[in-house]
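These notes concern the structure reproduced below.
Below, chains carry the letters A, B, ... as their sequence lines are ordered, and counting in each starts from 1. It should be emphasised that the depicted structure is a prediction, and the values quoted were computed from it without experimental measurement.
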Amino acid sequence: MNTVQARYDFTAIEEKWRTHWLATKTWKVTPDLTRKKYYVLSMFPYPSGRIHMGHVRNYTIGDVIARYRRMRGDNVLHPMGWDAFGLPAENAAIKHHTHPAQWTYENIDYMRIQLQRLGLSYDWDRELATCDASYYRWEQLFFIQMYEKGLAYRKMTTVNWCDPCQTVLANEQVIAGICWRCETQVTPRQMQGWFLKITDYAEELLAGCDQLPGWPEKVLTMQRNWIGKSIGAEIEFRVAGRQSTLRIFTTRPDTIFGATFMSLAPEHPLVTELSKNTDREAEITTFIQRTAAARRQLKPGEEARIEGIFTGGFCLNPFTGAELPIYAANFVLMEYGTGAVMAVPAHDQRDFEFARQYNLPITPVVHPYGEKLDGKTLSAAHEGPGILADSGEFSGLDWKAAQKAITSKAAQKGFGQPKVTYRLRDWGISRQRYWGTPIPIIYCDQCGTQTVPSEQLPVRLPTGVKFKKSGRSPLSALASFGDTTCPTCRGPAQRETDTMDTFMESSWYFARYTCQGSPGCSEASLDQQEAAHWLPVDQYIGGVEHAILHLLYARFYTKVLRDLGYLTIDEPFINLLTQGMVIKDGAKMSKSKGNVVDPHELINKYGADTVRLFSMFAAPPERDLEWNNQGVEGAFRFLSRIHHFVHEQLTPIRHGADHDLPATISGANRTLHRKTHQTISKVTKDLDGAFHFNTAISAVMELVNTLLALNNPEAERKPDPTVNRRAVEAIIALLFPMAPHLCAELWEEIGHDQPLDTLSWPEYDPEALKEDETTVIIQVKGKLRSRLQVAPGTSDKELQKLALADDRVKGFIGAAQVRKIIVVPDKLVNIVI
RNA sequence: GCCCGAAUGGCGGAACUGGUAGACGCAAGGGACUUAAAAUCCCUCGGAGUUCAUCUCUAUGCGAGUUCAAUUCUCGCUUCGGGCACCA
């Protein structure tokens, strides 16, 4: 037997099916109005060179969902492509004296083969690479249209400069002061840059969070916090002895009678203005420079000591006329609100500490219910609710009511209005690097800033470029690229030499997939009918590290494309699954830790099906997955067992197709038949929306265990061939999404001429699920004391009787009086004494 | 500091709507087969006790509470992970 038994030759099986699927374009998809569309998308990879375990996990999850949905009859769009612009290509070019394009396309070719070896069911005809001019030309067009709508603009501002990357970063790409890519600290720098007005969409992006029940709450919370909406009022203070005024933003207008000074950001223009030509000027200039320098040197997570300086100027409280000294304070940010804060030390902890430090008055005006605060003895600011006092006509009002009343009064008198402020700032998209989409702008001394005429698009990246570690963008050093003619006056002009943030490409690729490769899309950015048909993405899968970055940009971009008339949807991704990291020995896999597992080697050793199966089995998808090589062996053993069983029993299993199920199923047949249907039911439930792949696989393992046990050579009566065959068919079909090659092969071998991948998901018979007997547990005072084997549906009365008659139970009740009996049908009897 | 999330055997993880805690897998121990090993198959496997059984006690981070009954609900803590952090 051992000698003739067919080995589980995964290499041959996988090659056979991979070739078949690719050659016949099994996964090519076109719209089909007779079927439900389902768009499943895994975040596309950066072509870094080789796939890693994170990719394997991400793409296997997507593939299992895609294959499952197809078997359920949906018309599934499942595309793949390359997020191909980015710094590593340029850095590699500098290091290896190659060209970023060459490096990138070679990586793509290699990684495509790696993905295909995993048996991922993509429609490869829709493959795209964002570094193709055929892709980025449309991005340039979108940019021009945004510019024309006022959604793209250029300004000089303080930006985040990353020195190793030699470029500017958007706020979202700076995590706690650190560059998201190279993990070094960023420094502020004054620069010209292009920005997209994401702030115009702040309110809609925030409100949209409530319309996304299919997203993890955690991601929505992070987005809400990032947008950071604050409701309050803007109020104008006159500056004493001057024409100028000072605008502040506050969320606590109710405390305005308690304002005792004013805090300004050091960079606030009024600070310089007030101190100009006074004896304080030098001191204040030093302060401004010192705080700016200190902020630059701050380590992430570290807060500077509260520090301030009196500017010499005063402003007037518009309600009381009181003169408030104006301070410059290091904790006030110029970028948020108006860069000026009215300081109410009694009701703001930071102002409180500042007031104590500089001996400024503390005047409580909101007293907690039933309590009276005293500014002299106060140990901390009271930031909570209360009743107003010493606040003129507003005294006696509750704080919330007072906020409204004081804001209205300010508005009525013309020195204030309600105001909503967001923490979110506009998206800076200029990058001082080569390997990105050129920004299609021309600067002309005569005509000013011009967009590149659409017939001249795309603005292609020039190829003859030298890559040096010089620090300057290769584009800005290349006269043949920068020098151009003005589209309006035909005079000499200069091109913009910055390129776009690579998050621009990933902000709309999911829309491009809906028509990529079709003739309608070669001369258009999007085929609007196709986009309307396929979008939104029904299921999106990716790492949680993009909770704010990519996922916020993509939501914004979708709304912009909608408003430009390309899309009809408000949100790009209906359901989002954020998969956990793949870790080894408790830590993220990394070269420096030496705990990297190479998927390619594993596939060579065990086959793609085993690698896929284990990565789905080892942990629920949203949790971190601890990679365990012995666990992989276990997955391999499991698939081998199925393979061996089918081959060993091939003849009887084939014969099982010749007959119907026996009219009455009993004994071992009944056990197996029931288990088969229970497994179909369980796996269906686990794959349908819940994505409990790990328990789905466990369930199939149980069925395999049952099947093998009942067919054990020592078993007295083996199951009927037809019952056996049905179990085998269920195992193959249920496992197909996870281990497609082996299942396709076995399906064919047991005699099906129609391939499994065109077949539908198995149905279960509710009748077959029913147990003949069920175990009812008997508790005495809540403790398990005995068990009863009864027919399901046994009446409460009967169960009570049986329970009380049980010898073991009698012993535990003894002489005690039974006070109460709780019966849960088919489950338990609890006797309370 | 604030906001989320998690905590179950040696390990990864199960447990429907409160109703047999530990499914499934890994590791470990014992056995069969073998000249031997690998592979494969069978048995045991939270802890403690014991009369070795269809036994008892104990056990889901800790402490309370609700309930006939709590891994599950409530409150308070501890630890770990993640996010935000001078945001006015």
Distance check, [atom1] atoms only: [N] and [M], in whole angstrom units.
| N | M | atom1 | value |
| --- | --- | --- | --- |
| B:A70 | B:A59 | C1' | 14 Å |
| B:U78 | B:U71 | P | 23 Å |
| B:C2 | B:C11 | P | 33 Å |
| B:G12 | B:G63 | P | 23 Å |
| B:C26 | B:C45 | C1' | 13 Å |
| B:G31 | B:A38 | P | 14 Å |
| B:U60 | B:G47 | P | 15 Å |
| B:U34 | B:A48 | C1' | 40 Å |

In whole angstrom, give the distance that lies between atom [atom1] of [X] and atom [atom2] of [N].
| X | N | atom1 | atom2 | answer |
| --- | --- | --- | --- | --- |
| A:Glu648 | B:U40 | CD | C1' | 11 Å |
| A:Lys218 | B:G5 | NZ | C1' | 7 Å |
| A:Phe693 | B:G13 | CZ | P | 16 Å |
| A:Phe638 | B:A23 | CZ | P | 17 Å |
| A:Gln678 | B:A23 | CD | P | 17 Å |
| A:Phe617 | B:G25 | CZ | P | 7 Å |
| A:Ile697 | B:G12 | CD1 | C1' | 13 Å |
| A:Arg808 | B:U20 | CZ | P | 17 Å |

Requested in this report: For RNA chain B, produce a single dot-bracket line, 5' to 3'. Pairs: Watson-Crick or G-U wobble, both distances under 3.5 Å. Symbols: ( ) within strand, [ ] crossing, | other strand, . unpaired.
Outcome: (((((((..(((......[....))).(((((.......))))).((((.....))))..(((((..]....))))))))))))....
For residues [X] and [Y], is any side-chain donor paired with an opposing acceptor at under 3.5 Å?
| X | Y | answer |
| --- | --- | --- |
| A:Glu622 | A:Thr578 | no |
| A:Gln678 | A:Tyr764 | no |
| A:Arg555 | A:Gln223 | yes |
| A:Gln349 | A:Glu353 | yes |
| A:Asp826 | A:Thr774 | no |

N or O in side chain of [X] less than 4.0 angstrom from [N] OP1/OP2:
| X | N | result |
| --- | --- | --- |
| A:Asn694 | B:A14 | yes |
| A:Lys783 | B:A21 | no |
| A:Lys781 | B:C68 | no |
| A:Ser230 | B:A88 | yes |

Query raised in the report: Between A:Tyr422 and A:Met222, which has a closest nucleotide on RNA chain B that is more 5'?
Result: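 Taking each residue's closest nucleotide, the earlier one in sequence belongs to A:Met222.
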Query raised in the report: Relative to the 5' end of RNA chain B, which residue comes earlier, A:Lys682 or A:Ile777, by the nucleotide with the nearest heavy atom?
Result: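 It is A:Lys682, whose closest nucleotide lies nearer the 5' terminus.
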Can you tell me which nucleotide in [options] comes closest to the side chain of [X]?
| X | options | result |
| --- | --- | --- |
| A:Ile548 | B:A88, B:C84, B:A23 | B:C84 |
| A:Val341 | B:C24, B:A88, B:U58 | B:A88 |
| A:Arg423 | B:G19, B:C87, B:C55 | B:C87 |
| A:Val832 | B:C68, B:C24, B:C55 | B:C68 |
| A:Arg425 | B:U56, B:C3, B:C87 | B:C87 |
| A:Met701 | B:U20, B:G12, B:G25 | B:G25 |
| A:Asn330 | B:G19, B:C57, B:C86 | B:C86 |
| A:Leu828 | B:G19, B:G12, B:G25 | B:G19 |
| A:Arg641 | B:C41, B:U20, B:U54 | B:C41 |
| A:Phe812 | B:C68, B:U20, B:U56 | B:U56 |

Report task. Quick one: sort the A:His347 and A:His382 rings into parallel, tilted or perpendicular, breaks at 30° and 60°. Result ->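 Ring orientation, 0 to 90° scale: perpendicular.
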Query raised in the report: Which of these passes side-chain contact (heavy atoms from CB on, under 4.5 Å) with A:Tyr327: A:Leu360, A:Val341, A:Val271, A:Val332?
Result: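 By the side-chain contact (heavy atoms from CB on, under 4.5 Å) criterion, A:Tyr327 pairs with just one of A:Leu360, A:Val341, A:Val271, A:Val332: A:Leu360.
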Query raised in the report: Quick one, which residues of residues 619-637 of chain A touch RNA chain B with a heavy atom under 4.0 Å?
Result: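 Within this stretch, A:Pro620, A:Arg623, A:Asp624, A:Asn628, A:Gln630, A:Gly634, A:Arg637 sit under 4.0 Å of the strand.
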Using a strict cut-off of less than 4.0 Å between a Lys/Arg side-chain nitrogen and an Asp/Glu carboxylate oxygen, indicate whether [X] and [Y] qualify as a salt bridge.
| X | Y | answer |
| --- | --- | --- |
| A:Arg674 | A:Asp772 | yes |
| A:Glu307 | A:Arg290 | yes |
| A:Arg808 | A:Asp806 | no |

Contact class for [X] (heavy atom, under 4.0 Å): base, sugar-phosphate, or nothing?
| X | value |
| --- | --- |
| A:Asn705 | sugar-phosphate |
| A:Arg785 | sugar-phosphate |
| A:Gln779 | base |
| A:Arg819 | nothing |
| A:Val544 | nothing |

Report task. Take A:Glu172 and A:Trp226 through the side chain to side chain donor-acceptor pair (under 3.5 Å) test and state the conclusion after the steps. Result -> CA-CA 9 Å; A:Glu172 289 79 11; A:Trp226 187 260; 3.0 Å; yes
Requested in this report: Without swapping roles, check the side chain of A:Thr260 against the backbone of A:Pro361 for a donor-acceptor pair under 3.5 Å.
Outcome: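 Yes, A:Thr260 side chain to A:Pro361 backbone: donor-acceptor pair under 3.5 Å.
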Report task. Mind telling me if B:G9 is syn or anti? Syn here is a glycosidic angle within 90° of 0. Result ->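 This nucleotide is in syn.
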**Report entry** Base B:C68 paired with A:Asn830 side chain (donor-acceptor, <3.5 Å)
**Finding:**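 Indeed there is one.
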Query raised in the report: Just wondering, do A:Leu424 and A:Asn171 contact through their side chains at under 4.5 Å, heavy atoms?
Result: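 No, too far: nothing below the 4.5 Å cut-off.
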